**Q** 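Handing you a structure now.
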Amino acid sequence: MSDLGNEKDYTTGTGSDIGSDVPGSFERPTGLKGIYYNPYVQVFMLGFVCFMGPGLLMPSMAWAAAVNSAQRQVPMPMSPSTPPSLSLPSLLGPRLTLLLGSSGYALYIGSYLAVNIHPKASGFVIAAGAVLGICAGMLWTAQGSLMLAYPTENQKGTFIGIFWSVFNLGGVVGAAVSLGNNYNSEIGFLVLTLIGVTIPMAMANPLKMIRSDGTKVSTFRHPSWKTEFYGLWTTIRTDPYIILLFPMFFASNWFYTWHSAEFNDYNAALFNIRARALNNLVYWLAQIVGSVSIGFLLDQKGLKRRFRAYAGWVVLLLMVFVVHIWAYFYQKNYTRETIQPTDKIDIHDKAYVGRVWLYIFCGLLDAMWQTTAYWLMGAMSNDPSKLANLTGFYKSIQSAGAAGIWRADAVGIEYMSIFISTWVLLVAGLLCALPMIYMRVKEHTDPMDEIEDVLYVPWNSSTSRQLIVVDTAPIGSKSPMIRLPASKMESS
């Protein structure tokens with residue numbers, strides 16, 4: 001954490017080095033320092049931050065609900081990604097934002113332990129969930145900007161796959177613990193989450209990161225809350241095609257209520273505790289396979305980027321229909337009224353085999369959907385500031401969808417209605433994303449496509465910087481960007 005302060009000092013504004021977009025412009029460090037500053041190593045560390053936080057959250061909630069029926073009534077915390085949450089990575093620096101964001105998960109998991117000790121402490125769980133909502137917005141916004149800024153353009157699918165695989169190890173470990181029915185599990189979850197809080201302090205300063213092709217990671221900072229809020233508007237004004245991804249974002253957590261390994265309408269409705277625990281395990285393992293496989297496709301160097309984007313879209317469309325046609329034949333046979341506690345499916349039952357394979361495909365679809373959504377955002381920009389805004393929109397819209405369907409399930413909407421709505425929204429999200437791919441995904445992201453209103457770029461001296469104001473024009477506009485002369489020099 002020695003240079004967290006230096007990272008924060010740049011919140012008054014900094015930009016990418018002159019020529020930073022030219023491959024080979026900067027020499028990468030060697031030896032142990034080179035390993036530490038390797039983008040692959042840093043995305044692994046980023047994955048472990050989320051492995052120890054949100055990765056353990058869902059298994060922890062499932063375990064808590066299994067051993068304490070009262071905790072089934074505690075609502076799932078949402079990550080609202082409010083505008084302040086969107087701005088914090090730029091104002092505080094991504095590592096400090098990651099630290100603060102991950103601390104909310106430790107607090108929330110600790111609240112479950114508190115309820116086990118003091119059954120009347122359910123109010124603490126609700127308060128901790130509210131805090132976690134804010135912290136989650138911070139964590140996921142910072143995570144998205146770093147994960148998409150560190151790779152080169154032909155590595156983004158691989159980096160997303162690496163992150164998603166490490167992140168989902170949290171679900172695998174948590175499900176394995178739940179399968180063992182260890183009633184001291186909550187303490188273990190809490191300890192692991194607290195370890196995760198410390199990892200951002202050991203991560204490299206983004207200002208010092210150089211990609212594998214020798215280009216420097218830009219680290220743009222807005223100088224104030226006012227320009228941060230304006231930056232959100234500027235992102236949409238200059239790149240309105242992002243709006244076409246909003247339905248895809250909205251659907252990306254909607255489907256959890258029906259098919260996710262932790263929730264109600266399939267897993268909890270049909271299976272007993274032992275079968276649900278095993279379902280969780282294979283679901284998260286399938287997510288690792290899904291993220292790596294779709295990431296491999298999206299990064300195929302022998303294929304043009306636009307073709308890869310269309311190929312990823314087709315794979316998602318096929319997966320959506322395979323999963324939901326298959327699932328329909330199970331869903332049509334039960335309702336809320338017909339489910340009986342004595343009819344739950346166990347792992348030794350003949351009916352379990354086909355249904356657990358459906359669950360595996362649900363996990364594959366989940367990971368492929370999230371990975372492709374991130375990849376499409378990464379195809380729109382290489383700038384961490386803009387990527388923070390894009391991922392912030394993603395997480396906030398995603399959570400709005402999750403909150404809506406969670407409430408619909410809580411008030412007893414029919415399983416079939418929720419299932420159909422899930423299917424329809426996934427298809428609608430893909431249909432809306434298709435014109436965005438056609439009009440916006442290019443073979444290479446042009447630096448002129450970025451939306452930097454005020455940049456600080458390094459001056460010839462290592463101790464001073466020059467202020468440059470850049471006018472903005474919508475993506476695709478023929479209007480040139482106007483660079484105004486430097487009006488003053490600022491000491492670093």
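Quick caveat, the model's predicted, so the values are computed rather than measured. Side chains included, hydrogens not; waters and symmetry mates left out as well; all remaining heavy atoms used.
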**Q** Report yes if the side chains of Gln370 and Gln398 come closer than 4.5 Å at any heavy-atom pair, otherwise no.
**A**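 Yes, at least one pair of side-chain atoms sits under 4.5 Å.
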**Q** Where do Ser421 and Ile405 come nearest, in terms of heavy atoms and distance?
**A**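 Looks like OG-CD1, 4.3 Å.
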**Q** Is there a donor-acceptor pair under 3.5 Å between the side chain of Arg308 and the backbone N or O of Leu297?
**A**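 Not a single qualifying donor-acceptor pair exists.
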**Q** So does Ser396 get a backbone contact from the side chain of Ser399, meaning a donor-acceptor N/O pair under 3.5 Å?
**A**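 Here the side-chain-to-backbone pair does not exist.
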**Q** For Leu376 and Val441, run side-chain contact (heavy atoms from CB on, under 4.5 Å): C-alpha distance rounded to whole Å, both residues' side-chain angles, the deciding distance at 0.1 Å, then the answer.
**A** CA-CA 8 Å; Leu376 289 173; Val441 176; 4.3 Å; yes
**Q** Does the separation of the ring centres of Trp164 and Phe167 fall below 6.0 angstrom?
**A**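 Under 6.0 Å, so yes.
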**Q** For Leu244 and Met439: C-alpha separation, side-chain torsions, deciding distance, then whether side-chain contact (heavy atoms from CB on, under 4.5 Å) applies.
**A** CA-CA 11 Å; Leu244 293 174; Met439 293 184 288; 4.0 Å; yes
**Q** Donor-acceptor check, side chain of Gln42 to backbone of Tyr36, threshold 3.5 angstrom: yes or no?
**A**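 Yes: the side chain of Gln42 pairs with the backbone of Tyr36.
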**Q** Nearest 0.5 Å, please: how far is CZ in Phe393 from CG in Leu390?
**A**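 Result: 7.5 Å between the selected atoms.
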**Q** Heavy-atom count check: over 12 atoms from other residues, nucleotides or ligands less than 6.0 Å from Phe44 CZ?
**A**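 No, not enclosed.
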**Q** If only atom types and distance count, is the side chain of Tyr374 paired as donor or acceptor with the main-chain N or O of Gly144 below 3.5 Å?
**A**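 Pair absent, no side-chain N/O of Tyr374 close to backbone of Gly144.
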**Q** Mind checking whether Phe249 and Phe246 have parallel, tilted or perpendicular rings, split at 30° and 60°?
**A**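 Phe249 and Phe246: tilted rings.
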**Q** Would you call the rings of Trp140 and Phe163 parallel, tilted or perpendicular, taking 30° and 60° as the class edges?
**A**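 Ring orientation, 0 to 90° scale: perpendicular.
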**Q** With a 4.5 Å heavy-atom cut-off, do Asn205 and Arg95 have their side chains touching?
**A**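 Answer yes - side chains close enough.
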**Q** Would you confirm whether Gln143, through its side chain, and Cys50, through its main-chain N or O, come within 3.5 Å as a donor-acceptor pair?
**A**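 Looks like no, no N/O pair under 3.5 Å.
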**Q** Kindly state whether the ring of Phe48 and the ring of Phe51 have centres lying under 6.0 angstrom apart.
**A**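 Yes, close enough.
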**Q** Which heavy atom of Met209 sits nearest to which heavy atom of Tyr37, and what is that distance?
**A**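 Heavy atoms of Met209 and Tyr37 come nearest at CE-O, 3.1 Å.
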**Q** Give the minimum heavy-atom separation between Pro39 and Phe159, together with the two atoms involved.
**A**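 Between these two residues, the closest heavy atoms are O-CE2, 3.5 Å.
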**Q** For Arg407, does the CZ atom sit with more than 12 other heavy atoms under 6.0 Å from it, leaving out its own atoms?
**A**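 No, CZ of Arg407 has 12 or fewer neighbouring heavy atoms, counting only those of other groups under 6.0 Å.
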**Q** Kindly indicate whether the side chain of His324, heavy atoms from C-beta on, has any atom under 4.5 Å from the side chain of Leu365.
**A**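 When only atoms from C-beta onward are counted, Leu365 and His324 do touch, with a gap below 4.5 Å.
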**Q** Would you confirm whether Trp375, through its side chain, and Gly295, through its main-chain N or O, come within 3.5 Å as a donor-acceptor pair?
**A**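 Pair absent, no side-chain N/O of Trp375 close to backbone of Gly295.
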**Q** Have Asp409 and Thr257 got a donor and an acceptor in their side chains that come within less than 3.5 Å?
**A**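 No, because no side-chain N or O of Asp409 sits under 3.5 Å from a partner of the opposite role on Thr257.
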**Q** Once you round to the nearest 0.5 Å, how far does OG1 of Thr422 lie from CH2 of Trp254?
**A**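 Thr422 OG1 to Trp254 CH2: 7.5 Å, rounded to 0.5 Å.
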**Q** Taking all non-hydrogen atoms of both residues into account, name the closest pair between Leu139 and Leu98 and its distance.
**A**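 Minimum heavy-atom contact is O-CD2, 3.7 Å.
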**Q** Less than 3.5 Å apart, any donor N or O on the side chain of Lys395 or Asn253 sitting next to an acceptor on the other?
**A**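 Looking only at side-chain atoms, Asn253 and Lys395 do not form any donor-acceptor pair under 3.5 Å.
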**Q** For Phe419, which of Phe255, Trp258, Trp326 qualifies under ring-ring contact (aromatic ring centres under 6.0 Å, His included)?
**A**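 One option only clears the test, and that one is Trp258.
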**Q** For Thr371 and Met368, indicate whether the former's side chain and the latter's backbone hold a donor-acceptor pair under 3.5 Å.
**A**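 No, because the side chain of Thr371 does not come within donor-acceptor range (under 3.5 Å) of the backbone of Met368.
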**Q** Return the minimal non-hydrogen interatomic distance between Val49 and Ser102, and the atom names on each side.
**A**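 Heavy-atom minimum between the residues: CG1-CB, 4.4 Å.
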**Q** Below 4.5 Å, heavy atoms only, C-beta onward: do Pro54 and Tyr105 meet side chain to side chain?
**A**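 A side-chain contact under 4.5 Å exists here.
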**Q** I need the Lys442 NZ to Met380 CE distance, nearest 0.5 Å.
**A**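 Nearest 0.5 Å value for the NZ-CE distance: 10.5 Å.
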**Q** OH of Tyr310: more than 12 outside heavy atoms within 6.0 angstrom?
**A**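 Buried by this count: over 12 neighbours within 6.0 Å.
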**Q** Going from CE on Met377 to CE on Met436, what distance comes out if it is rounded to the nearest 0.5 angstrom?
**A**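 Going from the CE atom of Met377 to the CE atom of Met436 covers 9.5 Å.
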**Q** Can you find a pair of side-chain heavy atoms, one from Thr141 and one from Ser145, that are under 4.5 Å apart?
**A**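 Not in contact.
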**Q** Using the side-chain contact (heavy atoms from CB on, under 4.5 Å) rule, take Thr193 and Leu57 through it: C-alpha gap first, then chi angles, then the decisive distance, then the call.
**A** CA-CA 9 Å; Thr193 308; Leu57 176 65; over 6 Å; no
**Q** Can any side-chain N or O of Ser291 pair as donor or acceptor with the backbone N or O of Ile288 at less than 3.5 Å?
**A**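 Here the side-chain-to-backbone pair exists.
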**Q** Heavy atoms only: give me the nearest Ser165-Val292 pair and the separation to one decimal.
**A**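 Closest approach of Ser165 to Val292, heavy atoms only: OG-CG2, 3.1 Å.
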**Q** Would you say that Leu132 contacts Leu107 through its side chain, given a criterion of any heavy-atom pair below 4.5 Å between the two side chains?
**A**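 A side-chain contact is absent here, since even the closest heavy-atom pair is not under 4.5 Å.
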**Q** To the nearest 0.5 Å, what is the distance between CG (Asn154) and NZ (Lys301)?
**A**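 One gets 5.5 Å once the value is rounded to the nearest 0.5 Å.
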**Q** Can you establish whether the number of heavy atoms outside Leu32 located under 6.0 Å from its atom CG is more than 12?
**A**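 12 or below, so no.
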**Q** Between Thr215 (side chain) and Arg211 (backbone), is there a donor-acceptor pair under 3.5 Å?
**A**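 No, the answer is negative, given that no donor and acceptor are paired below the 3.5 Å cut-off.
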**Q** Is there a donor-acceptor pair under 3.5 Å between the side chain of Asp299 and the backbone N or O of Thr158?
**A**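 Yes, Asp299 side chain to Thr158 backbone: donor-acceptor pair under 3.5 Å.
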**Q** Can you tell me how far CZ of Arg305 sits from NE2 of His444, rounded to the nearest 0.5 angstrom?
**A**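 His444 NE2 to Arg305 CZ: 8.0 Å, rounded to 0.5 Å.
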**Q** Any heavy-atom pair between the side chains of Lys156 and Asn382 that's under 4.5 Å?
**A**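 Yes, side chains in contact.
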**Q** Flag the pair Tyr150 / Tyr40 as yes when their ring centroid distance falls below 6.0 Å, and as no otherwise.
**A**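 No, ring centres 6.0 Å or more apart.
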**Q** Evaluate the side-chain contact (heavy atoms from CB on, under 4.5 Å) criterion for residues Leu316 and Met248: first the C-alpha distance (whole Å), next the side-chain angles of each, then the deciding distance (0.1 Å), finally the verdict.
**A** CA-CA 11 Å; Leu316 286 184; Met248 189 178 186; 3.8 Å; yes
**Q** Got Ile160 and Leu148 here, is their nearest side-chain heavy-atom distance under 4.5 Å?
**A**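 Yes, side chains in contact.
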**Q** Look at the rings of Phe321 and Trp423 and say which category their plane angle falls in: under 30° parallel, 30 to 60° tilted, over 60° perpendicular.
**A**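 Aromatic pair Phe321/Trp423 classed perpendicular.
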